[in-house]
Amino acid sequence: MDSINTLLLGTDEESIGKAADIIKNGGLVAFPTETVYGLGGDAFSPDSSRRIYAAKGRPSDNPLIVHIAEVSSVYEIASEVPDKARDLMEAFWPGPLTVILPKKPIVPDETTGGLSTVAIRMPSHPASLELIRKSGVYIAAPSANLSGRPSPTTAEHVVEDMNGRIDAIIDGGPVGIGIESTIVDMTSDVPTILRPGYITKSMLEKIIGEVKIDKAIIEPDSGIRPKAPGMKYTHYAPKGKLTIVEDESRPGEVTGAVIEKINELISNDEGKVTAVLTTREHEADYKCDHIILLGNEKKAETVASRLYAALRECDTIGADTIYSESLSHDELGGAVMNRLLKAAGHRVIYI
């Protein structure tokens, strides 16, 4: 990139103050959270929300998450807060959990994608909390990437997608978790996970009892009206064609059959730039010039923190074709697999 046209800021007090002023005046600022970098604007400003959609190239029916810095703020935004929602906030905030509640009229339709509900979360990253407090507003923020692209886990990723499109970027270094927050709809009879994340179903159920998983996570439906970010549209996709290979007899495991099939596919890609996404344990198993590591097979948190950066590395090398092992389908591994499937457009070879 020849030049950076967007203001780059640090996480010191003066920089956060400048960023807060930009937000207050209707501008857009990308900032680090514990999950991914967010693209923030004033949540109560219809113009700011429209600017967010325009900067991302994001469909305007895809709701934004409202970020807050105090639990008490929920009661200014939501018209109803069930006991179970309060229990989850107490257990997991600040942290990577978003709750969906009925909204008050003060929250504009432009922020909620026209829905009567609002998605709310309190991030735990110190820079994001300080930005919210100093700005004096609640901050609507999706991930700070072009719509459909891998979410950014470093400020450099934000620059790749947002240079010249937004007013400023706060560089807080690499994020910790690496996948977006868990989203739970608290307006249904049984709380329902609309997007899996670091806070898992079993963790939620220890606090509030039964929790469902929305069937759209497992069987995407292009006809649905999304109630949470990421439910309808293709997300996280690299520029090359990504295909997942899974052994039907042992889902989520890297078997000899998976390795053999990926090597066969690589051998048929003569003349193309081909990459393989794999875990550290299997990097020596593939006959490919471009091996991109996702982390450790048995440590889903390492794969989560590396996934989006790995997908962007595929673009850096100009990969035409990308093959990935299937990942664990359980708990955090399942949340990572959810993103990988979206990145592949649900293109899976079953063997």
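This chain uses plain numbering: 1 for the first residue, then up along the sequence.
Taken to the nearest 0.5 Å, the CD1 atom of I52 stands 9.0 Å off from the CG atom of D42. The distance from atom CG of L294 to atom CG of L277, rounded to the nearest 0.5 Å, is 5.0 Å. Between atom CD1 of residue I16 and atom CD of residue E130 there is a gap of 7.0 Å, rounded to the nearest 0.5 Å. Between the CD atom in E260 and the CG atom in D285 there is a gap of 12.0 Å [rounded to 0.5 Å]. S324 contributes atom OG, which lies 7.0 Å from atom CD1 of I262 (distance to the nearest 0.5 angstrom). Taking OG from S48 and NZ from K24, the interatomic distance works out to 13.5 Å, rounded to the nearest 0.5 Å.
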Quick one, I4 with V159, criterion side-chain contact (heavy atoms from CB on, under 4.5 Å). Give me CA distance, side-chain angles, the key distance, then yes/no. CA-CA 8 Å; I4 297 177; V159 172; 4.2 Å; yes
From CA spacing to verdict: side-chain contact (heavy atoms from CB on, under 4.5 Å), L307, Y236: CA-CA 10 Å; L307 178 64; Y236 324 121; over 6 Å; no
Apply side-chain hydrogen bond (donor to acceptor under 3.5 Å, both in side chains) to the pair S181 and T98, showing each step before the final yes or no. CA-CA 6 Å; S181 61; T98 296; 2.8 Å; yes
Under the side-chain contact (heavy atoms from CB on, under 4.5 Å) rule, what do H157 and R149 come out as? Steps first, then yes or no, please. CA-CA 10 Å; H157 296 161; R149 295 275 291 129; over 6 Å; no
side-chain contact (heavy atoms from CB on, under 4.5 Å), that's the test. Do I77 and F44 meet it? Break it down for me. CA-CA 10 Å; I77 299 169; F44 287 179; 4.2 Å; yes
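Side chain of T153 to backbone of V175: no donor-acceptor contact under 3.5 angstrom is found. Proximity of a side-chain donor or acceptor of D315 to a complementary backbone N or O of K239 within less than 3.5 Å is detected. A donor-acceptor pair under 3.5 Å is formed between the side chain of T192 and the backbone N or O of V190. For R50 (side chain) and E110 (main-chain N/O), no donor-acceptor pair under 3.5 Å exists by modelled atom type. Under the 3.5 Å distance criterion, the side-chain polar atoms of K103 are left unmatched by any main-chain donor or acceptor of D109. Side-chain N or O atoms of Y53 include one that pairs as donor or acceptor with a backbone N or O of N62 at under 3.5 Å. E34 places a side-chain N or O within donor-acceptor distance of the main-chain N or O of S124, the cut-off being under 3.5 Å. Listed for the T117 side chain is no donor-acceptor partner under 3.5 Å among the backbone atoms of P102. Checking side-chain atoms of Y198 against main-chain N and O of E301 turns up no donor-acceptor pair under 3.5 Å. A donor-acceptor pair is defined here as one N or O able to donate and one able to accept, closer than 3.5 Å; such a pair exists between the side chain of R165 and the backbone of A55.
Closest heavy-atom contact between R280 and L293: NH1-CD1, 3.5 Å. The minimum heavy-atom distance linking P238 with C314 is given by the pair CB-CB, 4.5 Å. Considering all non-hydrogen atoms of both residues, I179 and G197 come closest at CD1-CA, 4.1 Å. G333 and A300 make their closest contact through N-CB, 3.8 Å (heavy atoms, listed as atom of the first residue, atom of the second, distance). Pairing each heavy atom of D247 with each of S249, the nearest pair is OD1-OG, 2.7 Å. Residues P150 and L311 share a closest heavy-atom pair of CG-CB, 3.8 Å.
At least one side-chain heavy atom of I68 sits under 4.5 Å from a side-chain heavy atom of W93. Between I169 and L8 there is a side-chain heavy-atom pair separated by less than 4.5 Å. Side-chain atoms of E297 and E253, non-hydrogen and from C-beta on, never get closer than 4.5 Å to each other. Side-chain contact check for V348 versus S326: every heavy-atom pair is 4.5 Å or farther apart. Taking 4.5 Å as the limit, every side-chain heavy atom of T200 sits out of range of all side-chain heavy atoms of T182. Contact check for Y308 versus P152: no side-chain heavy atoms found under the 4.5 Å cut-off. At least one side-chain heavy atom of F92 sits under 4.5 Å from a side-chain heavy atom of I207. A heavy-atom distance below 4.5 Å is not found between the side chains of I100 and L115.
Residues I139 and V99 are members of separate hydrophobic clusters, defined by side-chain heavy-atom contacts under 4.5 angstrom among Ile, Leu, Val, Met, Phe, Trp and Tyr. In the hydrophobic cluster analysis, where Ile, Leu, Val, Met, Phe, Trp and Tyr join through side-chain heavy atoms closer than 4.5 angstrom, V336 is grouped together with I199.
In this structure, a donor-acceptor pair under 3.5 Å is absent between the side chains of T321 and T274. A donor-acceptor pair shorter than 3.5 Å cannot be found between the side chains of E283 and T278. A donor-acceptor pair shorter than 3.5 Å can be found between the side chains of R121 and T33. For the residue pair N145 / S143, a side-chain donor-acceptor distance below 3.5 Å is found, with atom types taken as modelled.
Applying the 6.0 Å contact sphere to NZ of K287 captures no more than 12 heavy atoms from other residues, nucleotides or ligands. N268 CG: more than 12 foreign heavy atoms inside a 6.0 Å radius.
In summary, E180 and R195 do not engage in a salt bridge, as defined by a charged side-chain N under 4.0 Å from a carboxylate O. Here D167 pairs with R51 in a salt bridge; the nearest charged N to carboxylate O distance falls below 4.0 Å. No salt bridge links E210 with K84; every basic N to acidic carboxylate O contact stays at or beyond 4.0 Å. With respect to the salt-bridge test (charged N to carboxylate O, under 4.0 angstrom), the residues D161 and R312 qualify.
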